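Some notes on the structure that comes next.
Every number for a ligand or one of its atoms is a count from 1 in the order of the listing. All values derive from a computational prediction rather than experimental measurement.
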Amino acid sequence: MSPDSVLVRWLPVSAIAEADWPVLSALLPEDEQARAQRFHFRRDWESYTVAHALLRGTLTRLAAAAGHPVAPPDWRFSIGAHGKPEPILPEGVPPFRVNLSHTRGLAAVAVALDREVGVDVEWLDRTNLTIDLADRFFAPAECAQLVGLAPEAEKDALFAFWTLKEAYIKAVGMGLALPLGAFAYTLDPLSIAFDDRIQDDPDSWYFQRLRPTQGHVLGLALRHEAPERAMLDAAPAGLAALLRLAG
Ligand SMILES: CC(C)(COP(=O)(O)OP(=O)(O)OC[C@H]1O[C@@H](n2cnc3c(N)ncnc32)[C@H](O)[C@@H]1OP(=O)(O)O)[C@@H](O)C(=O)NCCC(=O)NCCS
């Protein structure tokens with residue numbers, strides 16, 4: 001990876017065959033496997049397992065490319081004040097920073113080198129993400145951009161704002177401790193503005209909207225002092241290569 005790049009990989013749950021599940025699960029350490037087992041619904045177990053297998057597998061492949069063998073279950077993470085996990089880096093491993101997201105049917109991970117990164121994926125058929133939520137979660141300037149849009153454009157903008165807002169609060173690690181109305185996006189061009197409750201520089205962020213599948217959208221936020229230099233490497237994850245990591 002170059003210092004300017006941000007790597008994004010995603011994996012749809014539908015790509016995974018029944019026989020692959022135990023193999024993917026074996027990429028997780030025992031405590032994460034146990035956490036996954038506690039989900040009530042099978043679909044939550046699946047998306048959690050895919051997301052964490054993808055994160056661990058991606059880190060293992062990147063570390064191996066830099067000459068450091070680390071088995072997927074051996075990665076350890078520290079947890080920030082508001083819950084953001086970051087890898088604890090074995091000696092010599094490049095300064096990877098990560099974020100992951102899972103939603104119905106899809107998991108995604110983002111990796112950067114020594115930069116804050118956040119990713120969010122959403123399932124477009126979720127029914128509780130409606131215009132009524134905009135007033136509650138979005139900034140007034142974002143709500144204003146939704147007014148008068150045709151239904152398809154409105155849905156597109158709604159999901160874009162949502163995933164991008166999540167991506168930012170996840171990148172800075174604050175989660176919902178950050179007032180969601182205190183920052184506002186425009187979508188074209190893609191930019192952010194902060195009110196005086198957030199001390200941050202709008203010109204030091206790189207954002208992306210992606211459509212990993214027909215049924216899912218993805219928002220990405222990367223802190224970069226020269227966003228025009230940021231290099232996006234976004235692709236579906238190779239499932240076969242991931243499964244091979246289980247040995
Ligand atoms: C917890 C939160 C960081 C993300 O939650 P989410 O969107 O429901 O879940 P995602 O799948 O995208 O991300 C979860 C992952 O983010 C990571 N994460 C947890 N806390 C985090 C934090 N403070 N910052 C960044 N990443 C965090 C973890 O890896 C977690 O995975 P795990 O639970 O499998 O261990 C937080 O933003 C939240 O609670 N959001 C609720 C949704 C909401 O109201 N959004 C308003 C948007 S306008």
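- At under 3.5 Å, not a single nitrogen or oxygen of Leu176, backbone or side chain, sits near a nitrogen or oxygen of ligand 1.
- Both tests do not hold together for Arg43 against Trp123: distance to the six-membered ring centre under 6.0 Å, angle to the ring axis within 45°.
- Counting only residues at least two apart or in different chains, salt bridge (Lys or Arg N to Asp or Glu O under 4.0 Å) contacts with residues 61-74 are absent.
- Residue Leu180 touches ligand 1 through its side chain alone, judged by heavy-atom distances below 4.0 Å.
- Not a single heavy atom of Ala51 sits less than 4.0 Å from an atom of ligand 1.
- Between Glu122 and ligand 1, no pair of N/O atoms sits closer than 3.5 Å.
- Not one N or O of Val119 is nearer than 3.5 Å to an N or O of ligand 1, by distance alone.
- Near Ile169, meaning under 4.0 Å from any of its heavy atoms, are these atoms of ligand 1: 37 (O).
- Contact annotation: for Asn99 versus ligand 1, heavy atoms closer than 4.0 Å belong to the side chain alone.
- Not a single protein heavy atom sits closer than 4.0 Å to atom 8 (O) of ligand 1.
- Residue-level proximity to ligand 1 for Leu100 is carried by backbone and side chain together, each with a heavy atom below 4.0 angstrom.
- Scored by the side chain to side chain contact (heavy atoms under 4.5 Å, CB included) test, Phe137 finds Leu133, Trp162, Leu180 as partners (sequence neighbours excluded).
- Annotation: atom 25 (C) of ligand 1 to nearest protein heavy atom, Lys170 O, 3.2 Å.
- Heavy atoms of Ser101 found under 4.0 angstrom from ligand 1 belong to the backbone as well as the side chain.
- Counting heavy atoms under 4.0 Å from ligand 1, residue Arg35 touches it through the side chain alone.
- At a heavy-atom cutoff of 4.0 Å, ligand 1 is contacted by both the backbone and the side chain of Lys84.
- An N or O contact shorter than 3.5 Å links His102 to ligand 1 by distance.
- With a 4.0 Å cut-off on non-hydrogen atoms, Phe161 does not touch ligand 1 at all.
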